[in-house]
There are 2 protein chains.
Amino acid sequence: MSQRGPYAKGVAKREEILGRALEIVARQGYRGASVQVIADAVGLSQAGLLHYFGSKEELFTAILRKRDELDHLSRAAPSDPRDARDAFVQVIAHNSEVPGLVELFSRLAVEAADPEHPAHAYFLERGEVLRETIVATLAQLRRPPALPPETLARIVQAAADGLQLQWLLDPTVDMAATMEALLNALAQEGHP
Amino acid sequence: MSQRGPYAKGVAKREEILGRALEIVARQGYRGASVQVIADAVGLSQAGLLHYFGSKEELFTAILRKRDELDHLSRAAPSDPRDARDAFVQVIAHNSEVPGLVELFSRLAVEAADPEHPAHAYFLERGEVLRETIVATLAQLRRPPALPPETLARIVQAAADGLQLQWLLDPTVDMAATMEALLNALAQEGHP
DNA sequence: GTCTATAGAATGATAGAC
DNA sequence: GTCTATCATTCTATAGAC
């Protein structure tokens, strides 16, 4: 399980730090999440923490990548369309438990508009993978689509991101239920 | 046209400032839009500008309100559903011309999650009005809805906000065309 | 690898003169 | 109402010792 070669220990420690940082951000929120705060939480000095990540922006980008990994978002989606839908909805439902991560994600999504931002590539890649998964899932439904699959995928992604903004503003919004309703409607599309 | 009573001049000047600030933010972007930068652009000192708005957060909230006003978003939507749809799509199309405002909107949407933030009420109200308009428009279609109108309205709003994030990240994304496709699909819902 | 200390900068807000 | 000047924070990044 342990990695070989140079940096093996460094990599392991880095992962350990990320795991803890993830929990902190999830609970305490990104609000004013300075490098100092994260450093305290993981038991390092500010400089000690930056030693592993180089900059604040890279640190928070790494946190988002780690989150995707833990959410199994890097795995292939289930082959059955209903299972894929359920998995997607469950990830969204779980997001309700980690407001700080939703806030971090949404905030970086805006800041990463700058091509120079370390998270720029992350968001581009993540969006592409997500939409490809959605397109593949829709293809398995073999239903006459009212819209091009790529367009539908973009809309589903947009709905997921937009629901997060609504939920951050008003936590009574049920992101998962709303998304499930949308996906069910899409699956029945053209079959009233 | 001119207002009477106390503050009349102050209000007018405030509006004038907002109009210019709006143009600046629209073009130059919100990136690093400090109070100082806006102040320079409108021909005031930093302190002079804050005299009218009290704080940075209130200034930027006022800019968003002014934008809605200029976009006629405070007006009632056209009674014909197709006209309402077209008006909505046109606002979105226009947004492509003002990236800085889209960035400002998206950024404040996250920060306003905090109930103490001056823009919190703005986003709550704006969302409610928008969704009510969508619900009212959908009702005029008199079609059997696959989803509760409130849910659909939430999804349309979410899609609009989410598409902005995608577009900020990748300006080749066509927000207006995607939204139009969604709205057309909704209008045909249950009528393949 | 980790810490202490500090540089260095940016910015929002306020006091007070005019 | 507007400006100048200044305060007061906050935070990232780096240098250098251990």
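Lettering follows sequence order; numbering is per chain, from 1. All values below come from the heavy atoms of this structure, side chains included, with hydrogens, waters and symmetry mates left out.
The distance between atom CD1 of Ile17(A) and atom C1' of dG1(C), rounded to the nearest whole Å, is 10 Å. Atom CG of Asp40(B) is separated from atom C1' of dT2(D) by 14 Å (rounded to the nearest Å). Atom NZ in Lys13(B) sits roughly 10 Å away from atom P in dG1(D) (whole-Å rounding). Per the geometry, CZ belonging to Arg31(B) stands 12 Å off P belonging to dT11(C), to the nearest Å. Protein atom CG of Leu44(A) is 14 Å distant from nucleotide atom C1' of dT4(C), rounded to whole Å. Between Leu50(A) atom CG and dA15(D) atom C1' the separation is 14 Å, expressed in whole Å. Here dT14(C) presents its P atom at 18 Å from OH of Tyr52(B), a figure rounded to the nearest Å. In this structure, Glu111(A) places its CD atom 12 Å from P of dT12(D), rounding to the nearest Å.
In the set dT2(D), dG12(C), dT12(D), the nucleotide with an atom closest to the side chain of Lys56(B) is dG12(C). Of the candidate nucleotides dT2(D), dA5(D), dA13(C), dT2(D) has the atom lying nearest to any side-chain atom of His51(B). Distances from the side chain of Val35(A) to the nucleotides dT12(D), dA15(D), dT2(D) place dT12(D) closest. Nearest nucleotide to the Ser45(B) side chain, out of dA13(D), dG12(C), dT4(D): dT4(D). Among the nucleotides dT4(C), dG12(C), dT2(D), the one closest to the side chain of Gln46(B) is dG12(C).
You'll find the side chain of Ile155(A) stays beyond 4.5 Å of the side chain of Ile155(B), heavy atoms only.
With hydrogens and angles ignored, the 3.5 Å screen pairs a side-chain donor or acceptor of Asp80(B) with a backbone N or O of Arg82(B). Formation of a donor-acceptor pair under 3.5 Å by the Arg143(B) side chain with backbone atoms of Ala187(B) is found in this model.
Rounded to the nearest 0.5 Å, atoms CG (Leu44(A)) and NZ (Lys13(A)) are 5.0 Å apart.
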